[in-house]
A.B. asks: 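Would you mind keeping the following structure in view while I ask a few things?
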Amino acid sequence: MNDRAAAPVDQTSNQPPLLVGYNAWEQDAILRAAVAREGGDWIGERAHKLGELVGSERMQLLADQANRHLPQLRTHDRFGERVDAVDYHPAYHELMALAFGAGLHSLAWKARRDGAFVARAALNYLWNQAENGTSCPVTMAFAAVQVMRNDPPLAAEWEPKLLADAYDPRPLQLSQKSAATVGMAMTEKQGGSDLRTNQTVATELGDGAYALEGHKWFCSAPMSDGFLTLARTGAGVTCFFAPRSLADGTRNGIHIQRLKDKCGNRSNASSEIEYHGAWARRIGADGRGIATLIEMAHLTRFDIVVASAGMMRGALNQALHHCEHRSAFGRRLVEQPLMQNVLADLALETEAATLLALRLARALDRSAHDPQERLLARILTPVAKYWLAKRNPAFMFEAMECLGGNGYVEEAPMARFYREAPVNSIWEGSGNVACLDVLRSMQKQPDSVAVLLRELRAGASGDRRLARFVDAIEAQLAETDGIEQRARRIAEMAALALQAGLMAQHAAPAAADAFLNSRVDGDWGHAFGTLPSGARCEEIIARSRLG
């Protein structure tokens, strides 16, 4: 008979505690230094408050509930009247109130001071460490301001409610609401990203008003108070704004056909809609709808860049926390050399993504008065959007693997991060669209090539490895034959060179050397965790800990 007492089956050991009770702003030295350097350090008090929320157990619970209990569509009420309502779990409404109350959508427009885009990026970066579905309506509200200002009377009517730091989900006419949100309905099933093929028809009613007839294959956040959309007039594809409720309080002719059952982004409803004589107002020139929306697309892509970097930081926090508290084969995971290589590689990727996102934010801040920064922002936006969004899914998978089976179950946030990651590449132009946009901006504004190369040369100053890499980029750009086929390669090289230059200038020597030796000098494998021997992994990991 075995005399040893059996351990209680419900006894828990060697399991990490829940990662809660930290401040995602105050305990992230890399983020705070980058925000200060790029001109947004005045956001500290607001970032502290949001960082505390992001690191709280309350935020984790709300994010889990909003993504576990999905939006539900009610097309009709019990009397057979069409209502086109989407019902959300209360957690979603609370998250929306917190996000809009924090000014995630409005800060860049209302701050009226240097560094406003950088400061807003800091808040957006923090929010995306915790919940991503609500970032979609936040981004659309933020970017819609740029388009609506093409119509001063419309902007005067909507902007005060659109920029209110509040959330009002009631389906009421604008004058009765304390705050408003704006969604987008652009793509159609026959064309997708090729918006020139749109078939929705706009019939002029007079006084700038039109009636819309047609369908939209993707309408995000269908409970918004108004929608920017595209329809065809005699002059071609044109931009319109369609309110959800009309001035007399009646519902506009916008019918929700169904909600999309998406891979991720599940707290946020996406839908297919039909216009049945929907009243709309034209924005911008007749037949110039796509051109009217270009500036909005730059801003939504900018938010995708920041969101991708924030998601990386959130997943890295989870991986580091788990490996610091979990032991296997006689040592803590974080003490094992191969795991150190993985964690250090993820930390490098996160820091480089953060620096790139905030450099783009600085370019947007300076675009109004600096033509060089305006050109740089134009070309850097699709470059950064392409690269960070492409890196995100592989990053999330590797971070999930650090947690093992614990990362694969829904109780951990990693499954949600993993499902969320692909949408950043697909939304606002897939990888090919973004890379072709890089080439298009170079062709339409040839000076942007010189501006980009100047930025790359400045980052490469004093480092032969990076200087050689920039030479290779310049050669790629000079060879115009087959350049469209090489568009992804060009965007990738530009992104890596920008990141490497920022790391060389601003990261600690151990991190900068490891990044350049792996990403630029070619001594790197095909997966994370393949940093070259000699990489000072422990130093790199220590810099990225929540400290």
Side-chain angles (χ1 to χ4, degrees), residues 191-197 236-237 288 290-302 304-305 352 356 359-360 363-364 367 370-391 424-461 463-502 504 516 519-522 524 526:
S193 296
D194 189 357
L195 299 176
R196 296 169 300 177
T197 67
V237 176
R288 297 284 294 165
I290 297 173
T292 301
L293 290 171
I294 287 296
E295 290 186 355
M296 180 178 184
H298 292 328
L299 294 179
T300 52
R301 287 176 176 179
F302 163 60
I304 289 169
V305 170
L356 182 58
R359 176 63 185 95
L360 175 55
L364 289 170
S367 290
D370 187 332
Q372 302 295 304
E373 289 290 294
R374 183 162 58 252
L375 286 171
L376 183 63
R378 174 64 184 88
I379 198 168
L380 179 53
T381 298
V383 164
K385 192 269 187 186
Y386 168 74
W387 185 238
L388 297 197
K390 281 296 180 191
R391 298 296 291 158
N424 286 328
S425 186
I426 294 169
W427 191 37
E428 286 301 335
S430 61
N432 285 353
V433 172
C435 292
L436 292 174
D437 195 32
V438 173
L439 299 186
R440 192 177 300 110
S441 67
M442 292 177 177
Q443 293 161 357
K444 288 187 174 182
Q445 298 174 305
D447 289 348
S448 65
V449 177
V451 170
L452 174 64
L453 289 172
R454 190 179 304 121
E455 180 81 7
L456 298 183
R457 293 288 180 200
S461 177
D463 192 289
R464 292 181 180 178
R465 296 164 296 180
L466 188 49
R468 289 194 299 268
F469 194 67
V470 176
D471 288 340
I473 294 172
E474 190 167 7
Q476 286 275 355
L477 294 173
E479 179 54 59
T480 56
D481 288 345
I483 194 170
E484 186 171 314
Q485 192 175 35
R486 291 180 283 114
R488 283 190 177 219
R489 180 62 175 151
I490 290 168
E492 174 181 315
M493 292 177 72
L496 284 172
L498 286 160
Q499 288 182 311
L502 291 165
L516 269 73
R519 274 71 166 172
V520 170
D521 219 23
W524 199 31
H526 297 287

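Quick caveat, the model's predicted, so the values are computed rather than measured. Hydrogens, waters and symmetry mates play no part in the numbers below; they use all other heavy atoms, side chains included.
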A.B. asks: Are any non-hydrogen side-chain atoms of Val451 and Glu373 less than 4.5 angstrom apart?
C.D. replies: no
A.B. asks: Report yes if some heavy atom in the side chain of Leu380 is under 4.5 Å from a heavy atom in the side chain of Leu356; otherwise report no.
C.D. replies: yes
A.B. asks: Rounded to the nearest 0.5 Å, how far does CD of Gln372 lie from CZ of Arg374?
C.D. replies: 9.5 Å
A.B. asks: Counting C-beta onward and ignoring hydrogens, is there a side-chain heavy-atom pair between Arg378 and His298 closer than 4.5 Å?
C.D. replies: yes
A.B. asks: Checking the side chain of Ser461 only, and the main-chain atoms of Ala458 only, is there a donor and an acceptor separated by less than 3.5 Å?
C.D. replies: no
A.B. asks: Does any N or O in the side chain of Lys385 come within less than 3.5 Å of the main-chain N or O of Ser425, such that one atom is a donor and the other an acceptor?
C.D. replies: yes
A.B. asks: If the threshold is 4.0 Å, N to carboxylate O, is there a salt bridge linking Asp521 and Arg468?
C.D. replies: yes
A.B. asks: What side-chain hydrogen bond (donor to acceptor under 3.5 Å, both in side chains) pairs are there with at least one residue in residues 476-485, not counting sequence neighbours?
C.D. replies: Gln476-Arg486
A.B. asks: Would Arg457 and Glu474 pass as an ion pair if we require N to O under 4.0 Å?
C.D. replies: yes
A.B. asks: Per the side chain to side chain donor-acceptor pair (under 3.5 Å) rule, which among Thr381, Asp437, Asn424 passes with Arg301?
C.D. replies: Asp437
A.B. asks: Taking all heavy atoms of Gly191 and all of Thr197, pick out the closest pair and write down the distance.
C.D. replies: CA-OG1, 3.2 Å
A.B. asks: Looking at every heavy atom in both Ala434 and Tyr386, which two are closest together, and how far apart are they?
C.D. replies: CB-CB, 4.1 Å
A.B. asks: Kindly determine whether Leu498 and Leu456 satisfy side chain to side chain contact (heavy atoms under 4.5 Å, CB included), including the steps that lead there.
C.D. replies: CA-CA 6 Å; Leu498 286 160; Leu456 298 183; 3.5 Å; yes
A.B. asks: What distance do Leu293 atom CG and Glu295 atom CD have between them, rounded to the nearest 0.5 Å?
C.D. replies: 10.5 Å
A.B. asks: Working to the nearest 0.5 angstrom, can you tell me the gap between Glu492 CD and Ile473 CD1?
C.D. replies: 10.0 Å
A.B. asks: Give the minimum heavy-atom separation between Thr292 and Arg288, together with the two atoms involved.
C.D. replies: OG1-O, 2.8 Å
A.B. asks: Quick one: does Trp387's side chain get under 4.5 Å of Leu496's, heavy atoms only?
C.D. replies: yes
A.B. asks: Mind checking what makes salt bridge (charged side-chain N to carboxylate O under 4.0 Å, His left out) contact with Glu455, not counting sequence neighbours?
C.D. replies: Arg359
A.B. asks: Heavy atoms only: give me the nearest Ser441-Ile379 pair and the separation to one decimal.
C.D. replies: OG-CG1, 3.6 Å
A.B. asks: Just verifying a value: how many Å separate Phe302 CZ and Glu428 CD, rounded to the nearest 0.5 Å?
C.D. replies: 14.0 Å
A.B. asks: May I ask you to decide if Ile426's main-chain N or O and Ser430's side chain share a donor-acceptor pair within less than 3.5 Å?
C.D. replies: no
A.B. asks: Taking all non-hydrogen atoms of both residues into account, name the closest pair between Gly431 and Lys390 and its distance.
C.D. replies: CA-CE, 4.2 Å
A.B. asks: Please report the interatomic distance CD1(Ile304) to CG(Leu388), rounded to the nearest 0.5 Å.
C.D. replies: 11.0 Å
A.B. asks: Between Arg196 and Asp194, does the side chain to side chain contact (heavy atoms under 4.5 Å, CB included) criterion hold? Intermediate values first, please.
C.D. replies: CA-CA 5 Å; Arg196 296 169 300 177; Asp194 189 357; 3.0 Å; yes
A.B. asks: At what distance, to the nearest 0.5 angstrom, does CG of Leu439 lie from NZ of Lys444?
C.D. replies: 12.5 Å
A.B. asks: For the residue pair Ala494 and Leu452, what are the closest heavy atoms and their distance?
C.D. replies: CB-CD2, 4.5 Å
